[in-house]
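Below, each value reflects all heavy atoms present in this structure, side chains not excepted, and no hydrogens, waters or symmetry copies. Treat the numbers as computed from the prediction; the structure is a model and nothing was measured. Residue numbers start from 1 in every chain, and the chains themselves are labelled A, B, ... in the order their sequence lines are given, proteins ahead of strands.
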Number of protein chains: 4
Amino acid sequence: MELFAEQGYEKTSLREIAERLDVTKAALYYHFKTKEDILISISDDLIQPVDELITWAEAQPRTLATKQEVVRRYSDALWGARDFFRFVQENQASVRDLAIGESFKGRMTAVNALLHEPGASMTSQVRSLTALFALHAGMFTVRDLEGDPEEKRAAVLEVALDLVTQADAGDTADPAGTGDVLTD
Amino acid sequence: MELFAEQGYEKTSLREIAERLDVTKAALYYHFKTKEDILISISDDLIQPVDELITWAEAQPRTLATKQEVVRRYSDALWGARDFFRFVQENQASVRDLAIGESFKGRMTAVNALLHEPGASMTSQVRSLTALFALHAGMFTVRDLEGDPEEKRAAVLEVALDLVTQADAGDTADPAGTGDVLTD
Amino acid sequence: MELFAEQGYEKTSLREIAERLDVTKAALYYHFKTKEDILISISDDLIQPVDELITWAEAQPRTLATKQEVVRRYSDALWGARDFFRFVQENQASVRDLAIGESFKGRMTAVNALLHEPGASMTSQVRSLTALFALHAGMFTVRDLEGDPEEKRAAVLEVALDLVTQADAGDTADPAGTGDVLTD
Amino acid sequence: MELFAEQGYEKTSLREIAERLDVTKAALYYHFKTKEDILISISDDLIQPVDELITWAEAQPRTLATKQEVVRRYSDALWGARDFFRFVQENQASVRDLAIGESFKGRMTAVNALLHEPGASMTSQVRSLTALFALHAGMFTVRDLEGDPEEKRAAVLEVALDLVTQADAGDTADPAGTGDVLTD
DNA sequence: AATGAATGAGGATTCATTCAT
DNA sequence: TATGAATGAATCCTCATTCAT
């Protein structure tokens, strides 16, 4: 996963992976059927915390507090598997034709569904989706901002929490969807 | 650019490009020094509206109204060169080692700088950066949401505008940066 | 074709072909799309005499003399493209999944059709088919028999001619098909 | 043998064999020294009827009736080990470098020797050899002819019997070998 | 008797790039 | 301005075989 995250999927060859693990290419092929299979095998492990989060959240009442906790836990899950999520974000073009593409998109959709009511306004939906993107992008791109990493993580989390809070306010106060929560 | 956007940089070969343009590979090499050079040449054209936006904005007073207009114009610029920006977003791993990587990051930084004061709080910086990401991601990933495309674009724009508005409020009202604009 | 005939299709690698022709593997791939394509390209040339034979024969009256002439000419065609026909005979398992498999079978069927009437008895059909096999097998397997090559070729041709003659006698004299021409 | 016959020797891998037998590759290597050894082991069993036929025939008087019986029994032996003989016929190129190549050719030569006198004319030799080829080829290629399988087998056998009968007539009546038995 | 793990050698194929014409 | 031909280097992947356990 380090290699995939550093170099991208296409630019990481089985030769490199084998060398890094100090095994032969053929040994890799004994354990994994294809290059893609290596990726699948890694991501199955790494994506598990997200699955657990989804399972947990579905058993909770769909309150604002729950939504905020989902965001916090998602942030932790992302951080715990940084390399993997960075890889997916930076290799969307490759991932699109890979099995993990679908599986990943499915999780994103599921988590997003946890953050707003089914009939929420378009604006609310976009807001909660943006909260997720903020976490994703924040995790990697914020590197380019100056400042203490921990402080940056905290700021990203805060912005994401604001977004779901506003989405929730929009859902409950204004289901029709003009969505202007700020003027409330 | 269509091919690069559809298939990704690595997976698009010069053979394919040549076939699509109905010229020979060697003819491509008469006009462009390398594969990367083809991409540079295309992106030089497509990124120009963003440069014009930056030039324009730097001559404006740095007011909230200006920031909001920057967001609106950036949204238009993105939409006008959809394929290109989608390409950059989905091929970050490849783009990172390419010349356009730096040039693109530079523009992002410049546009982001237009959206908040130099000494803004970390939260404000993240908020305006998130506004930009919302526009980027919104452009492509929102495809998976149900609903009318125009309505979706409008919602994305609204969320982005909210974010810069909140960032601006944070900058001016609370330069120290607890950043909690909602409770104000 | 020499390599394919000597070693078989699977056991002949593109490396070997390239070395024999003193070009690089990549140069081969400039001229031929796949390994199979190399074979197709060769066989297209070599099978032509058989096509000409079929065209010629279809314009002739379907007499015994014509059939005998078909056998003679087919023998010549086989001899002229020895390597190719030997290759097909000795690599049936490989050729079966290749494009030339079908094309070859088609020619065999067409030539066989020239040697007996449409409604001929099963025995007559088998006899003319055996004439063809005699020519094929005779060409290569008879190598193991002692004796002068020219004399062997002549003997094979004689046996093949006998077989079509008998098949013809069976067709005309005994269409019902007990087929015992010898006791007539 | 099913796999070898269906796919050819080169295209059948030990992995496939192991999977078909539901054992591991390593287990195969416990019982057989090499891939070729697997084939040898199978063919040793399957070729035995031919050896018995040869043994039997060598104890018989070398009459026409014996020769005809050899053909009949050979036809049965072929039919009983269809897969094997089809394999050998369709994989001559591979079999040539394998131990069974020589062993198989030896049997063919031996059976052929049973069908004509040592000093027979070239034409007679070719005729009896063709009888054998007719049986071989007939067994598989005749599939492409329309008609009842049993009827086809009978027709092939009839043609083969004719050929040895004619060969025998040539041997005894015309040892010098102009070979034109039909005009007799 | 059996196997999980491993490997060296080699397979076909694709690629970005070059260059003489 | 253009191209046909070529190439070195690399790709993913498969194979028959080995061996410690």
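Side-chain contact between B/His136 and B/Arg86 is absent, with no heavy-atom pair separated by less than 4.5 Å. At least one side-chain heavy atom of C/Glu6 sits under 4.5 Å from a side-chain heavy atom of C/Glu2. Proximity of C/Phe4 to C/Lys35: side-chain heavy atoms (C-beta onward) are separated by under 4.5 Å at one or more points. D/Lys11 places a side-chain heavy atom less than 4.5 Å from the side chain of C/Asp97.
Closest of all the heavy-atom pairs between B/Ala93 and A/Gly8 is CB-CA, 3.8 Å.
Computed from coordinates, the D/Phe32 CZ to F/dA16 C1' distance equals 15 Å when rounded to whole Å. When the C1' atom of E/dA6 is taken as reference, atom CG of A/Leu21 falls 14 Å away, rounded to whole Å. In this structure, the CD atom of D/Glu19 is 12 Å from the P atom of F/dT14, given to the nearest Å. Atom CD1 of A/Ile17 is separated from atom P of F/dA10 by 17 Å (rounded to the nearest Å). In this entry the distance linking CG of D/Leu28 with C1' of F/dC19 reads 16 Å, nearest Å.
Put simply, the side chain of C/Ser94 never gets that close to the backbone of C/Tyr9: no donor and acceptor are under 3.5 Å apart.
OP1 or OP2 of E/dA2 sits under 4.0 Å from a side-chain N or O of D/His31.
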So which protein nitrogen or oxygen atoms get under 3.5 Å of nucleotides 16-18 of chain E's nitrogens or oxygens?
unit_1	atom_1	unit_2	atom_2	d
E/dA16	OP1	B/Lys35	NZ	2.8
E/dA16	OP2	B/Leu14	N	2.9
E/dT17	OP2	B/Tyr29	OH	2.7
E/dT17	OP2	B/Lys35	N	2.9
E/dT17	O5'	B/Tyr29	OH	3.2
E/dT17	O4	B/Lys25	NZ	3.4

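Positionally, the nearest nucleotide of DNA chain E for A/Thr24 lies more toward the 5' end than for the other of B/Glu16 and A/Thr24. The nearest heavy atom of DNA chain E to B/Lys11 and to A/Tyr30 marks one nucleotide each, and the one closer to the 5' end goes with A/Tyr30.
Where pairing requires Watson-Crick or G-U contacts shorter than 3.5 Å, the helical stems of DNA chain E with at least three consecutive pairs are E:2-21 with F:2-21.
By the side chain to side chain contact (heavy atoms under 4.5 Å, CB included) test, C/Phe84 pairs with C/Met1, C/Ser43, C/Leu46, C/Ile47, C/Ala81, C/Val88, C/Ile100, C/Phe104, sequence neighbours left out.
We find the NE2-CG distance between B/His31 and B/Leu21 to be 10.0 Å, quoted to the nearest 0.5 Å.
A donor-acceptor contact under 3.5 angstrom links the side chains of D/Glu16 and D/Gln7, judged on distance only.
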